[in-house]
Participant: 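Okay, here's the structure, questions in a sec.
In the text below, chain A, chain B and the rest are named by the order of the sequence lines, each starting its count at 1. For clarity, every value in this text was computed on a predicted model and none was experimentally measured.
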There are 2 protein chains.
Amino acid sequence: MNAAQEIKDKGLKVTTSRVKVLDILQPDGLALSHMELEPMLGKIDRITLYRILNDFEEVGLVHKVIDLDGVTRFALCKHNCTTHHHNDNHLHFNCTACHKMYCMDNLPIATVSLPKGFTATGQSTIIYGLCSGCN
Amino acid sequence: MNAAQEIKDKGLKVTTSRVKVLDILQPDGLALSHMELEPMLGKIDRITLYRILNDFEEVGLVHKVIDLDGVTRFALCKHNCTTHHHNDNHLHFNCTACHKMYCMDNLPIATVSLPKGFTATGQSTIIYGLCSGCN
DNA sequence: TTACATTTGCAACTCTGTTGCATAAAGAAT
DNA sequence: ATTCTTTATGCAACAGAGTTGCAAATGTAA
Ligand SMILES: [Mn+2]
Ligand SMILES: [Mn+2]
Ligand SMILES: [Zn+2]
Ligand SMILES: [Zn+2]
């Protein structure tokens with residue numbers, strides 16, 4: 001499906017900025033930061049980019065993940081996420097050389113048994129090391 | 001062991017600010033943020049606190065962990081960490097109600113098998129849900 | 001094509017973290 | 001105890017990330 005249609009299906013107005021942002025996030029399965037996205041987008045205001053990404057996250061088009069350096073990154077949702085309900089409970093891999101962050105769908109997530117009194121609703125795991133490009 | 005001695009053993013000068021910071025981090029096993037630490041410390045300059053925590057991390061007195069909201073937190077090391085070599089490869093629990101972050105020593109860490117080309121040197125897992133105080 | 005609702009760009013602001021520099025404090029030598 | 005040297009501290013100034021208010025521009029539907 002094309003970006004404009006996905007945006008419309010989520011109930012958002014189709015604007016050139018939003019289409020461009022979604023197109024850039026499409027292909028790779030990588031989670032990109034604001035600093036990486038801004039130069040790829042031309043002359044879009046950085047505040048607009050903040051608002052677009054936040055809107056996309058709210059309607060389930062992208063998910064947010066904070067990497068090991070504390071940098072916020074965004075990646076496409078692939079599992080029918082909807083407004084305020086994300087299904088992106090997958091692992092992420094953060095390369096310590098090139099700092100790329102990969103969404104690792106299809107990897108199993110271990111269940112942890114917590115001490116009495118604690119109840120888990122989810123977990124966020126970032127594995128770090130060298131990616132296939134840096135190895 | 002008392003805070004002053006621990007600081008001296010790591011080759012750092014024993015100052016009143018450093019002792020106070022280490023004393024505050026001692027008891028609970030919680031990872032505290034700058035915003036939480038500053039009011040507990042009285043009149044210590046915030047830049048000084050940044051430098052103290054960074055120095056403590058470098059010599060292996062504390063470790064840093066970024067919570068689910070992207071807030072940087074610091075907690076005591078408990079496993080003979082040394083300069084530039086940390087052994088704090090444990091899970092963390094982030095309460096979604098009170099936002100406390102707990103160091104979960106003694107919980108097993110699952111090993112993940114990655115796609116070809118990727119090699120892991122470690123992982124960082126944050127489990128979220130309700131803590132014993134909020135349940 | 002007009003009219004309405006939403007989005008965008010800009011200014012201003014907060015919060016986090018870093019660096020340079022003069023002063024204060026710690027530790028060692030005398 | 002006093003001096004000396006090194007390190008730590010406080011302050012100012014700055015850079016980056018993220019938010020909000022508001023007027024102008026744009027999208028959509030009538
Ligand atoms: Mn992801
Ligand atoms: Mn910890
Ligand atoms: Zn890499
Ligand atoms: Zn709690």
Side-chain angles (χ1 to χ4, degrees), chain A residues 2-24 31-59 61-75 83 99 101, chain B residues 2-24 31-59 61-75 83 99 101:
Chain A
N2 68 85
Q5 190 59 46
E6 293 183 55
I7 292 166
K8 189 182 290 181
D9 289 350
K10 295 294 185 177
L12 297 177
K13 276 192 184 177
V14 178
T15 68
T16 52
S17 299
R18 283 176 173 166
V19 170
K20 214 185 293 182
V21 171
L22 196 54
D23 276 333
I24 284 179
L32 302 180
S33 66
H34 268 262
M35 240 176 35
E36 289 163 353
L37 283 166
E38 280 182 40
M40 305 169 86
L41 287 166
K43 53 173 178 21
I44 296 184
D45 190 71
R46 69 183 189 93
I47 287 93
T48 300
L49 179 55
Y50 278 106
R51 290 195 266 228
I52 288 176
L53 290 171
N54 288 344
D55 291 346
F56 280 4
E57 198 201 5
E58 273 185 11
V59 301
L61 279 175
V62 306
H63 62 278
K64 185 195 287 195
V65 54
I66 296 171
D67 75 14
L68 294 174
D69 303 309
V71 177
T72 300
R73 295 175 169 279
F74 294 87
T83 301
H99 295 99
M101 159 91 70
Chain B
N2 68 86
Q5 190 58 46
E6 293 182 56
I7 292 167
K8 190 182 289 180
D9 288 351
K10 294 294 185 177
L12 296 177
K13 276 192 185 178
V14 178
T15 69
T16 53
S17 299
R18 283 176 173 165
V19 170
K20 215 185 292 182
V21 171
L22 197 54
D23 276 333
I24 284 180
L32 302 180
S33 66
H34 268 260
M35 238 176 38
E36 291 163 351
L37 283 167
E38 281 182 40
M40 305 169 86
L41 287 166
K43 53 173 178 19
I44 295 183
D45 191 71
R46 71 184 187 93
I47 287 93
T48 301
L49 179 55
Y50 277 105
R51 290 196 267 228
I52 288 176
L53 290 171
N54 287 345
D55 292 345
F56 280 4
E57 198 201 5
E58 273 184 13
V59 300
L61 279 175
V62 305
H63 61 278
K64 186 194 287 196
V65 55
I66 296 171
D67 73 15
L68 293 175
D69 303 309
V71 177
T72 300
R73 295 176 170 276
F74 293 88
T83 302
H99 295 98
M101 158 92 67

Participant: Counting only N and O atoms by type, is there a donor-acceptor contact under 3.5 Å from the side chain of B:R18 to the main-chain atoms of B:K13?
Facilitator: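 Indeed, once roles are kept as given, a pair shorter than 3.5 Å links the two residues.
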Participant: Between C:dG9 and A:T48, is there an OP1 or OP2 to side-chain N/O distance shorter than 4.0 Å?
Facilitator: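 Answer yes for this pair, as a side-chain N or O of A:T48 is under 4.0 Å from OP1 or OP2.
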Participant: Measure the distance from CD1 on A:I66 to P on C:dT16 and round it to the nearest whole Å.
Facilitator: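 Whole-Å distance recorded here is 14 Å.
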Participant: For the base of D:dT26, is there a side-chain donor-acceptor partner from A:K13 under 3.5 Å away?
Facilitator: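 A donor-acceptor contact between them is absent.
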Participant: Whole-Å distance between D:dT9 C1' and B:L49 CG?
Facilitator: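 From B:L49 CG to D:dT9 C1': 12 Å.
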Participant: Please tell me whether B:E58 and B:N54 have a donor and an acceptor in their side chains that are separated by less than 3.5 angstrom.
Facilitator: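 There is no such pair between these side chains.
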Participant: Looking at every heavy atom in both A:L12 and A:V59, which two are closest together, and how far apart are they?
Facilitator: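 Closest pair (atom of A:L12, atom of A:V59, distance): CD1-CG2, 4.0 Å.
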Participant: Between A:D69 and A:V71, is there a donor-acceptor pair closer than 3.5 Å when you use the side chain of the first and the backbone of the second?
Facilitator: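 No: the side chain of A:D69 does not pair with the backbone of A:V71.
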Participant: Distance from B:K20 atom NZ to B:T15 atom OG1, nearest 0.5 Å?
Facilitator: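 B:K20 atom NZ to B:T15 atom OG1 measures 10.0 Å (nearest 0.5 Å).
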Participant: B:R73 has an atom CZ; how far is it from atom P of C:dG17, in whole Å?
Facilitator: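 B:R73 atom CZ is separated from C:dG17 atom P by 11 Å.
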Participant: Scan A:V14 against the nucleic acid and name what it touches under 4.0 Å (heavy atoms): base, sugar-phosphate only, or nothing.
Facilitator: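 It contacts sugar-phosphate atoms only.
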Participant: Of the nucleotides D:dG21, C:dT16, C:dA26, which has the atom closest to the B:T16 side chain?
Facilitator: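 Nucleotide nearest to B:T16's side chain: C:dA26.
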Participant: Examine the base of D:dG10 for any acceptor or donor lying under 3.5 Å from a partner atom in the side chain of B:R51, and report the outcome as yes or no.
Facilitator: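 Indeed there is one.
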Participant: Tell me, please, which residues at least two apart from B:R73 pass salt bridge (Lys or Arg N to Asp or Glu O under 4.0 Å).
Facilitator: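 Here the qualifying residues are B:E36, B:D67.
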Participant: From the options D:dG18, C:dG17, D:dG27, select the nucleotide whose nearest atom is closest to the side chain of B:H34.
Facilitator: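 Of the options given, the side chain of B:H34 lies nearest C:dG17.
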Participant: Of the nucleotides D:dT7, C:dG17, C:dT8, which one has an atom closest to the side chain of B:Y50?
Facilitator: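 The answer is C:dG17, which lies nearest to the side chain.
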Participant: Figure out the CG/C1' separation between A:N54 and D:dG18, and round it to whole Å.
Facilitator: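 Atom CG in A:N54 sits about 9 Å away from atom C1' in D:dG18.
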Participant: To the nearest Å, how far apart are B:Q5 CD and C:dA26 P?
Facilitator: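 Between P of C:dA26 and CD of B:Q5: 17 Å.
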Participant: Among C:dT7, D:dA8, C:dT16, which nucleotide sits nearest the side chain of B:L12?
Facilitator: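 Nearest listed nucleotide: D:dA8.
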Participant: What is the distance, rounded to the nearest whole Å, between atom CG of A:D55 and atom P of D:dT20?
Facilitator: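 So the CG-P distance, A:D55 to D:dT20, works out to 13 Å.
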Participant: First locate atom CD1 of A:I44, then atom OH of A:Y50, and finally report the distance between them rounded to the nearest 0.5 Å.
Facilitator: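 Reported value, rounded in 0.5 Å steps: 14.0 Å.
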Participant: Taking all heavy atoms of B:V62 and all of B:L53, pick out the closest pair and write down the distance.
Facilitator: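 Closest approach of B:V62 to B:L53: CG2-O, 3.9 Å.
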Participant: Taking OP1 and OP2 of D:dT9, is either one under 4.0 Å from a side-chain nitrogen or oxygen of B:T15?
Facilitator: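 It does, given that an N or O in the side chain of B:T15 lies less than 4.0 Å from OP1 or OP2 of D:dT9.
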Participant: Taking the nucleotide of DNA chain C with the closest heavy atom to each, which residue, B:K8 or B:M35, is nearer the 5' end?
Facilitator: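 Nearest nucleotide further toward 5': that of B:M35.
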Participant: Strictly below 4.0 Å, heavy-atom distances to any atom of DNA chain D: list the hits from residues 40-47 of chain A, or just say none.
Facilitator: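 Correct list: A:R46, A:I47.
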Participant: Just the rounded figure in Å: distance from P of D:dT9 to CD of B:E38.
Facilitator: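 Computing the B:E38:CD to D:dT9:P distance gives 14 Å.
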Participant: D:dG18 C1' sits how many Å from B:D69 CG, rounded?
Facilitator: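 In whole Å, D:dG18 C1' lies 14 Å from B:D69 CG.
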